[in-house]
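Values in this document were obtained by computation on a predicted structure and should not be read as measured data.
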Amino acid sequence: MSEIAYVRGDATAPLGKGVKVIAHVCNDIGGWGKGFVLAVSRRWPEPEAAYRAWHRGRAHNDFGLGAAQFIQVARYVWVANLVGRRGIRTGSKGVPVRYEAIDEALGLLAGKAAELGASVHMPRIGCGLAGGKWPGVEPLIAERLVKPGIAVAVYDHEG
C-alpha cells in the first residue's frame with residue numbers, strides 16, 4: 001500500500017500527470033468565503049457557483065453532511081466539494097468538523113476518483129476553519145483513498 005504524499009505548495013495547482021481531483025471540506029449551511037475556498041474561487045468560479053446552487057436546492061437533492069459534489073473545472077481537473085462541517089463556528093457543540101461526515105464524503109470521493117482514474121489533491125482538510133485535528137483526518141484518508149490504491153497528495157501551503 002502506498003502512502004499519502006506530503007507536498008509544499010498550492011493544492012489548487014496540483015502536481016503530476018493525468019486526471020486530478022482537488023478535494024476540500026465545505027460547511028452544511030451554504031457559506032463560502034473563508035479559507036481554502038478563496039483560493040479555489042480565485043482560480044475557477046464554477047465550484048462556488050455549483051456549491052451555492054446545490055445548497056439552494058437542498059430540499060430536492062443530496063446536500064448535507066457527508067455529501068460530495070464533483071465539478072469539472074478543466075480538461076483533467078475536477079474539484080470535490082465535501083460537506084464535512086456542521087456550521088461555521090465553534091460553539092457549545094465544539095468545533096464545526098464532523099469526522100464521520102468527512103469519512104462518508106471521502107468514500108464518495110474514492111468512487112469518483114476510481115471512475116476517473118484520478119489522483120486526489122487536498123490541503124489538510126477539516127483542519128483549518130473546521131477546527132479538526134490531522135490525526136483524526138489522516139486515518140480516514142488512508143482508509144478511504146490510499147488503501148484502495150488512489151494516489152493522494154496533501155499540500156502544505158508555503159507562506
Side-chain angles (χ1 to χ4, degrees), residues 4 10-14 18-91 93-134 136-138 140-146 148 150-155 157:
I4 297 170
D10 181 355
T12 67
V19 179
K20 300 170 203 67
V21 179
I22 300 166
H24 69 104
V25 168
C26 304
N27 61 66
D28 67 345
I29 61 168
W32 182 292
K34 287 188 175 174
F36 183 71
V37 298
L38 295 178
V40 171
S41 289
R42 274 194 297 273
R43 207 170 277 270
W44 310 283
E46 299 91 346
E48 178 180 357
Y51 170 79
R52 291 186 184 282
W54 188 31
H55 176 260
R56 269 193 312 276
R58 66 192 177 280
H60 306 289
N61 65 37
D62 65 348
F63 183 91
L65 284 171
Q69 180 187 48
F70 304 98
I71 304 95
Q72 189 169 10
V73 294
R75 184 169 179 193
Y76 297 108
V77 181
W78 293 68
V79 171
N81 293 333
L82 310 177
V83 184
R85 288 173 56 192
R86 165 82 66 207
I88 56 173
R89 292 193 172 81
T90 297
K93 295 194 181 350
V95 295
V97 70
R98 294 295 178 266
Y99 295 107
E100 63 284 352
I102 290 174
D103 186 47
E104 190 177 337
L106 286 170
L108 298 171
L109 172 58
K112 186 66 171 183
E115 171 193 321
L116 295 170
S119 54
V120 173
H121 305 259
M122 64 181 74
R124 291 186 187 236
I125 60 170
C127 297
L129 297 171
K133 302 290 183 219
W134 190 242
V137 176
E138 186 182 40
L140 305 177
I141 294 167
E143 183 66 26
R144 293 292 195 159
L145 300 173
V146 177
I150 297 163
V152 176
V154 172
Y155 293 72
H157 202 272

Item to check | Heavy-atom closest contact (Pro123 atom, Ala11 atom, distance) | outcome: N-CB, 3.9 Å
Item to check | Within-4.5 Å side-chain heavy-atom neighbours: Gln72 and Trp44 | outcome: no
Item to check | Over all atoms of both residues, closest heavy-atom pair of Gly84 and Ala101 | outcome: CA-CB, 4.0 Å
Checklist entry - Quick one: does Trp54's side chain get under 4.5 Å of Val83's, heavy atoms only? => result yes
Checklist entry - In terms of the angle between their ring planes, are Tyr51 and His55 parallel, tilted or perpendicular, with boundaries placed at 30° and 60°? => result parallel
Checklist entry - Taking side chain as C-beta onward, heavy atoms only, is Phe36 less than 4.5 Å from Ile22? => result yes
Next on the checklist: By the salt bridge (charged side-chain N to carboxylate O under 4.0 Å, His left out) test, which pairs, at least two apart or in different chains, include something from residues 54-83?
Outcome noted: none
Checklist entry - Can you find a heavy atom in the side chain of Arg85 that is under 4.5 Å from one in the side chain of Leu129? => result yes
Next on the checklist: Could you report the tightest heavy-atom contact between Val21 and Ala118, atom names first, then the distance?
Outcome noted: CG2-CB, 3.8 Å
Item to check | Among Val146, Ile150, Ile4, the one residue meeting side chain to side chain contact (heavy atoms under 4.5 Å, CB included) with Val120 | outcome: Ile150
Checklist entry - Does the side chain of Val37 come within less than 4.5 Å of Glu48's, by heavy atoms? => result no
Next on the checklist: Show the nearest heavy-atom pair for residues Trp32 and Cys26, with the distance to one decimal.
Outcome noted: CZ3-SG, 4.1 Å
Checklist entry - Leu82 and Ala105: which non-hydrogen atoms are nearest, and at how many Å? => result CB-CB, 3.8 Å
Next on the checklist: I'd like to check Met122 versus Leu145 (side-chain heavy atoms, cut-off strictly below 4.5 Å). Are they in contact?
Outcome noted: yes
Next on the checklist: I need the Arg98 CZ to Asn27 CG distance, nearest 0.5 Å.
Outcome noted: 12.0 Å
Checklist entry - Do you know the tightest heavy-atom contact between Ala80 and Leu109? => result CB-CD1, 4.0 Å
Checklist entry - Tell me, do Leu116 and Tyr76 make a side-chain contact under 4.5 Å, heavy atoms counted? => result no
Item to check | Heavy-atom donor-acceptor pair, Asp28 side chain to Gly87 backbone, under 3.5 Å | outcome: yes
Item to check | Carboxylate-amine/guanidinium contact Arg43 Asp10, below 4.0 Å | outcome: yes
Checklist outcome for this item: Interatomic distance, CG@Leu140 vs CD@Glu100, rounded to 0.5 Å, equals 9.5 Å
Checklist entry - Would you say Ile141 and Leu106 make side-chain contact, with heavy atoms under 4.5 Å? => result yes
Checklist outcome for this item: So salt bridge (charged side-chain N to carboxylate O under 4.0 Å, His left out) across residues 116-125, not counting sequence neighbours, yields Arg124-Asp156
